[in-house]
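Before any comments, here is the structure.
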Amino acid sequence: ITYTTPAGCEATTVVTVNARQPITGTPAVCEGLITMLSNTVGGGTWSSSNSAIATVDGVTGNVSGATAGTVTMNYTTALGCISSITVTVHPLPTIIGGPSAVCTGSSITLSNGIIGGVWTSGNTGIATITSSTGVLTGVAAGNVLITYTTAAGCVTKAPITVHPLPDVITGITSICKGAITVLSDATPGGTWSSSTSS
């Protein structure tokens, strides 16, 4: 760079233009989880414009989501050049709603406050679930973990118990009016009821 006076005298200096490389990585994270940002220019430091939304490790570039929103992450090189990227923190799904148990062969409906996600079963041999509606059907007795994943990829899970059906009712099933018969079931602990008592 040259500076020239009105008399034609000159002074010169050399100016170095330092590279400012873009930030790479996934600019989105769920609440409570971590995403990693990086820059090809080493030796710099990371900072967050709003640590209430997301914090960043000043050395590694690991971003931790705190609460839903957007935040600017800055990378400052040793020479003072700054690169920036906007990071979105997505909310976690709410607690899965609905019954926590179902009988074999019966169905229940699960729900979540964040709509548009996908339901999956950890073991379809115990329970199946319709991915879009949350309708779960018991297949076999046991415990299964149900997962709900939002469109942003954030996840919540809930355990569901599938209870076995009682054994077949045994005993005389045809009697005269005023007479008594005794019915039994090999599955203990249940209660008896009649669909018509008159």
Side-chain angles (χ1 to χ4, degrees), residues 1-98 100 109-124 129-134 136 143-160:
I1 301 295
T2 301
Y3 176 76
T4 305
T5 67
C9 300
E10 296 180 345
T12 60
T13 189
V14 175
V15 174
T16 301
V17 178
N18 298 297
R20 184 172 61 181
Q21 299 298 329
I23 294 171
T24 58
T26 303
V29 65
C30 299
E31 290 176 331
L33 299 182
I34 293 174
T35 187
M36 186 173 186
L37 303 178
S38 61
N39 196 282
T40 57
V41 180
T45 56
W46 296 88
S47 61
S48 169
S49 66
N50 189 340
S51 58
I53 295 176
T55 60
V56 62
D57 188 295
V59 177
T60 66
N62 287 344
V63 175
S64 300
T67 188
T70 57
V71 60
T72 300
M73 294 296 165
N74 299 310
Y75 181 74
T76 306
T77 68
L79 295 172
C81 298
I82 300 175
S83 298
S84 301
I85 192 171
T86 299
V87 173
T88 301
V89 180
H90 296 290
L92 288 175
T94 56
I95 295 173
I96 291 174
S100 60
T109 300
L110 303 180
S111 62
N112 195 270
I114 298 180
I115 62 174
V118 175
W119 297 92
T120 54
S121 169
N123 187 339
T124 56
I129 190 165
T130 304
S131 62
S132 59
T133 64
L136 180 145
N143 297 306
V144 61
L145 195 62
I146 300 300
T147 300
Y148 182 73
T149 306
T150 68
C154 301
V155 172
T156 189
K157 299 182 179 184
I160 299 293

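Reckoned from all heavy atoms, side chains included, excluding hydrogens, waters and symmetry mates. FYI, the numbering just counts along the sequence from 1.
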Between the CD1 atom in I96 and the CD1 atom in I160, the distance rounded to the nearest 0.5 Å is 7.5 Å
* To do: Keeping the roles fixed (side chain from T150, backbone from P93), state whether a donor-acceptor pair exists under 3.5 Å.
  => no
The side-chain hydrogen bond (donor to acceptor under 3.5 Å, both in side chains) partners of T45 (sequence neighbours excluded) come to none
**Asked** Is the closest side-chain heavy-atom distance between S121 and V144 below 4.5 Å?
**Response** yes
For residues 44-88, the ring-ring contact (aromatic ring centres under 6.0 Å, His included) pairs (sequence neighbours left out) are W46-Y75
Residues pairing under ring-ring contact (aromatic ring centres under 6.0 Å, His included) where one sits in residues 13-39, two or more places apart or in two chains, turn out to be none
N/O donor to acceptor pairs below 3.5 angstrom from side-chain atoms of residues 78-92, sequence neighbours left out:
| from | atom 1 | to | atom 2 | distance (Å) |
| --- | --- | --- | --- | --- |
| S83 | OG | Q21 | O | 2.7 |
| S84 | OG | N74 | OD1 | 2.5 |

Using atom types as modelled, flag every donor-acceptor pair under 3.5 Å from a side chain in residues 48-56 to any protein atom, sequence neighbours excluded.
| from | atom 1 | to | atom 2 | distance (Å) |
| --- | --- | --- | --- | --- |
| S48 | OG | N50 | N | 3.2 |
| S48 | OG | N50 | O | 3.3 |
| S48 | OG | A54 | O | 2.7 |
| S49 | OG | T72 | N | 3.0 |
| S49 | OG | T72 | O | 3.3 |
| N50 | OD1 | A52 | N | 3.0 |

d(S38 OG, N62 CG) to nearest 0.5 Å is 10.0 Å
OG1 (T13) and OH (Y3) are apart, to the nearest 0.5 Å, by 14.5 Å
dist I146:CD1 -> L136:CG (nearest 0.5 Å) comes out at 5.0 Å
To the nearest 0.5 Å, atom OG1 of T147 lies from atom CG of L145 at 5.0 Å
For residues 17-36, the ring-ring contact (aromatic ring centres under 6.0 Å, His included) pairs (sequence neighbours left out) are none
Indicate yes or no for a side-chain donor-acceptor contact from Y148 to the backbone of I114 under 3.5 Å, with no hydrogens or angles considered. yes
The reported gap from OG1 in T24 to CG in N39 (rounded to nearest 0.5 angstrom) is 7.0 Å
